Amino acid sequence: MLLGAGVGAAWPFVAASHPIHKHLTNADTLARADASLAAADWKPQFLSSQQSETLLALSEAIVPGSAKGNVHRFIDLLLTVDTPENQRSFVHSLNAMDQEAASRWGKAFPLLGAEHQKLLLTDASTKDSLRQEGKEDSSGKQQPLNLRDHFENLKGWISGAYYSSEAGMTELGWTGDRAFETFPGCTHPDNHS
């Protein structure tokens, strides 16, 4: 199962400005997700099948074990109720990772071997200048968006979803018999935002 007791668990790992943050604070959304994500006949509701496969591969590469938490399914569900802007941004980030994989090795991200996936994610997480693209800000001016921005967007969604799952909560020490008012050792007033 995915969430239930994990409401808000990922807050210290996700900036309050990230789109997934508002979903993690909504108990109704999380309760509905719990019931539908483990279904054997599950199909993506927002993403295409190919995008869902890319998300599954990226999730597992960024946060090993995230497949157990049905992270790709949870994110797909959250995207069905998110804003069109956040939906476009997420899909754009997924596509950017697939395009980078294709430009380097002629294959979409899920088809890469673990070594190439790791190399692409390492570059995406450490290099600001990879593949500049245009993005309009609120004033209509073009702003650069690079692979690192796409990686950070996806990482926020993936880590937030995983650490709100039973698997992620268990990794953090949750046993189901208690809830943490605060995370031991994490007393930063800004919650790492």
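Note that these values count all heavy atoms, side chains included, but never hydrogens, waters or copies made by symmetry. Given the structure is predicted, the values throughout are model-derived calculations rather than measurements. Starting from 1, each residue takes its place in the sequence as its number.
- For the atom pair NE2 of H72 and CH2 of W157, the computed distance is 15.5 Å after rounding to the nearest 0.5 Å.
- Remark: side-chain polar atoms of D76 are paired, donor with acceptor, to backbone N or O of Q45 under 3.5 angstrom.
- Salt bridge status for R88 with E85: absent, with no side-chain N to carboxylate O gap under 4.0 Å.
- Put simply, L154 and L111 are part of two different groups of oily side chains (I, L, V, M, F, W, Y) that touch within less than 4.5 Å, one to the next.
- Distance alone, capped at 3.5 Å, places no donor-acceptor pair between the D123 side chain and the L120 backbone.
- Heavy-atom minimum distance, P44 versus S52: CG-CB, 3.8 Å.
- Residue Y162 comes nearest to P64 through the heavy atom pair OH-O, 4.4 Å, listed as atom of the first residue, atom of the second, then distance.
- Under a hydrophobic clustering in which Ile, Leu, Val, Met, Phe, Trp and Tyr are joined whenever their side-chain heavy atoms come within less than 4.5 Å, directly or via other members, V71 and I62 fall into the same cluster.
- Within the model, atoms OG1 of T54 and CE of M97 stand 10.0 Å from one another, a figure rounded to the nearest 0.5 Å.
- Here H92 contributes atom NE2 and N153 contributes atom CG; the two are 10.0 Å apart, rounded to the nearest 0.5 Å.
- With Q87 contributing its side chain and L79 its backbone, the two residues share a donor-acceptor pair below 3.5 Å.
- Residues F109 and A61 come closest through the heavy atom pair CZ-CB, 4.1 Å.
- Residue A101 comes nearest to L112 through the heavy atom pair CB-CD1, 3.6 Å, listed as atom of the first residue, atom of the second, then distance.
- In this view, Q51 and L47, S48, V91, L94, N95 satisfy the side chain to side chain contact (heavy atoms under 4.5 Å, CB included) rule, not counting sequence neighbours.
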> Is there a salt bridge (charged side-chain N to carboxylate O under 4.0 Å, His left out) between E152 and K155 once you walk through the steps?
Replying inline: CA-CA 5 Å; E152 291 296 329; K155 182 180 78 170; 3.2 Å; yes
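- Closest non-hydrogen pair, H150 versus S93, comes out as ND1-OG, 3.0 Å.
- When the side chains of ILVMFWY residues are joined at heavy-atom separations under 4.5 Å, either directly or via intervening members, L56 and F90 end up in two distinct hydrophobic clusters.
- Across Q117 and A57, no two heavy atoms sit closer than the pair NE2-CB, 4.1 Å.
- Within 6.0 Å of CD in E171 there are more than 12 heavy atoms belonging to other residues, nucleotides or ligands.
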